[in-house]
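Taking it in order: structure first as structure tokens, then the write-up.
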Amino acid sequence: MENNNRRSRRRQPAKPKVCRFCEAKANYIDFKDAELLAKFQTEKGKIMPRRITGNCPDHQKMLCEAIKRARILSLVY
């Protein structure tokens with residue numbers, strides 16, 4: 001009987017993710033803003049993918065460059 005209940009459950013549709021940089025109309029992501037860049041990294045220091053963060057392709061590319069530049073200067077891990 002419990003098996004039937006598990007099958008009948010349905011997921012709610014996920015709400016669409018919106019690029020926060022597009023909302024702010026950002027043309028450039030500054031690599032010196034370590035607090036902002038840390039939000040887009042895991043605890044191990046890996047860059048979070050687009051499908052999780054919800055960034056558009058252009059801003060995700062800028063974000064990756066900014067994180068990599070900040071790593072070189074040891075601003076983020």
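- Note that the CE atom of Met48 and the CD atom of Gln41 stand 9.5 Å from one another [nearest 0.5 Å].
- The CG atom of Leu73 sits 9.5 Å away from the NZ atom of Lys32 when rounded to the nearest 0.5 Å.
- Side-chain atoms of Lys17 come within 3.5 Å of backbone atoms of Arg51 as a donor-acceptor pair (strictly under, hydrogens ignored).
- Counting heavy atoms from C-beta outward, Gln60 and Glu65 have side chains that stay 4.5 Å or more apart.
- With sequence neighbours excluded, the residues satisfying side-chain contact (heavy atoms from CB on, under 4.5 Å) with Asp58 are Cys56.
- Using modelled atom types, one side-chain atom of His59 and one backbone atom of Ala26 make a donor-acceptor pair closer than 3.5 Å.
- Within the 4.5 Å cutoff, no side-chain heavy atoms of Lys61 are placed close to those of Arg50.
- Summarising the hydrophobic clusters (Ile, Leu, Val, Met, Phe, Trp, Tyr; side-chain heavy atoms under 4.5 Å, direct or chained), the residues clustered with Phe21 are Ile29, Leu36, Leu37, Phe40, Ile47, Met62, Leu63, Ile67, Val76.
- Within a 6.0 Å radius of CD in Glu23, other residues, nucleotides and ligands contribute more than 12 heavy atoms.
- For the residue pair Phe31 and Ala66, the shortest heavy atom distance occurs at CB-O, 3.4 Å.
- Side-chain N or O atoms of Arg71 include one that pairs as donor or acceptor with a backbone N or O of Gly45 at under 3.5 Å.
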